2 protein chains.
Amino acid sequence: MSVDHEGDVPPYLQIAALIRARIDSGELAPGKPVPSVAQIVGEYGVARTTAQKALWVLRDEGLVRMVKGWGTFVAER
Amino acid sequence: MSVDHEGDVPPYLQIAALIRARIDSGELAPGKPVPSVAQIVGEYGVARTTAQKALWVLRDEGLVRMVKGWGTFVAER
DNA sequence: TCACATTTGTACGTATGTATC
DNA sequence: AGATACATACGTACAAATGTG
């Protein structure tokens with residue numbers, strides 16, 4: 001999967017949607033780590049800030065928990 | 001008022017708190033504009049991204065409404 | 001209609017701090 | 001001590017929407 005820079009959906013929302021889909025499908029189970037900021041940067045070729053923003057969307061939705069020095073994980077619920 | 005770069009509260013949260021206080025006190029009434037990103041930059045000497053982040057905090061709290069091309073306003077409620 | 005200024009939205013890159021492993 | 005990872009902050013650029021003249 002890769003992001004589309006031409007469409008009207010900004011990359012950070014596309015990336016958030018991709019990860020959200022993997023959570024909803026169960027591929028990324030509660031407690032499991034989601035891609036790190038660095039991994040997103042490498043995988044989708046976006047800037048670090050854009051990768052962070054994608055994770056912030058999921059965090060604000062309560063889907064993931066971001067823990068400094070540890071990582072970002074699918075929320076337990 | 002100015003931000004403290006030494007304390008343990010990051011500048012973007014300090015700025016958010018200052019604006020929140022002005023809303024809570026009624027100085028900034030519902031429907032009225034709050035300081036724009038550019039004004040925050042000029043007033044507190046922070047980067048644009050930091051000023052934005054302060055407003056995002058208030059937006060996420062439902063205290064303000066940010067409208068592209070127009071400005072940021074105290075939410076009506 | 002058009003041009004312009006203002007304002008928020010998005011995105012890039014970089015640096016430093018802090019916490020965990 | 002070192003590597004990894006998130007948090008914060010800096011600066012910059014362009015896009016998109018709005019209002020005004």
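Only a predicted model underlies this, so the values are computations on that prediction, with no experimental measurement involved. Each chain gets a letter, A, B and so on, in the order the sequences are listed, and its residues count up from 1. Atom set for the values below is all heavy atoms of this structure, side chains included, hydrogens, waters and symmetry mates excluded.
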Verify the contact: side-chain N or O of A:Thr50 to OP1 or OP2 of C:dC12, cut-off strictly under 4.0 Å; return yes or no. yes

- prompt: Which part of the nucleic acid, if any, lies within contact of B:Thr49, taking any heavy atom under 4.0 Å across all strands shown: a base, the sugar-phosphate backbone alone, or nothing?
  reply: base

Under 4.0 Å: is that the gap between some side-chain N or O of A:Thr72 and OP1 or OP2 of D:dC6? yes

Exercise. Using a 4.0 Å heavy-atom cut-off across all strands, classify A:Ser36 as base, sugar-phosphate, or nothing.
Key: sugar-phosphate

To the nearest angstrom, the CZ-P distance between A:Phe73 and D:dA5 comes to 10 Å

Rounded to whole Å, the CD1-P distance (B:Ile15 to D:dC10) equals 8 Å

Here the distance between atom C1' of C:dT10 and atom CD of B:Gln52, to the nearest Å, is 9 Å

Q: Indicate yes or no: at least one non-hydrogen side-chain atom of B:Tyr44 is less than 4.5 angstrom from one of B:Thr50.
A: no

Judged by nearest nucleotide, the residue sitting upstream toward the 5' end of DNA chain C, A:Trp70 or B:Val67, is B:Val67

B:Arg65 CZ to C:dT8 C1', in whole Å, measures 13 Å

In short, A:Ala75 meets A:Gly62 closest at the heavy-atom pair CB-O, 3.3 Å

What one should report as the nearest heavy-atom pair of A:Ala54 and A:Tyr12 is CB-O, 3.4 Å

From the candidates D:dC10, C:dT8, C:dG13, the one with an atom nearest any side-chain atom of B:Val37 is C:dT8

Between OH of A:Tyr44 and P of C:dC12 the distance, given in whole Å, is 14 Å

Taken to the nearest whole Å, NZ/B:Lys53 to P/C:dG9 is 15 Å

Over 12 non-hydrogen atoms of neighbours within 6.0 angstrom of CH2 in A:Trp56:
yes

When rounded to whole Å, the CZ to C1' distance for the pair B:Arg48 and C:dT10 reads 10 Å

Whole-Å distance, A:Met66 CE to D:dT4 P, equals 18 Å

Closest non-hydrogen atoms of A:Val41 and A:Arg48, given as atom of the first, atom of the second and distance, are CG2-CA, 3.6 Å

Note: for B:Trp56 and A:Lys68 on DNA chain C, the residue whose nearest nucleotide lies more 5' is B:Trp56

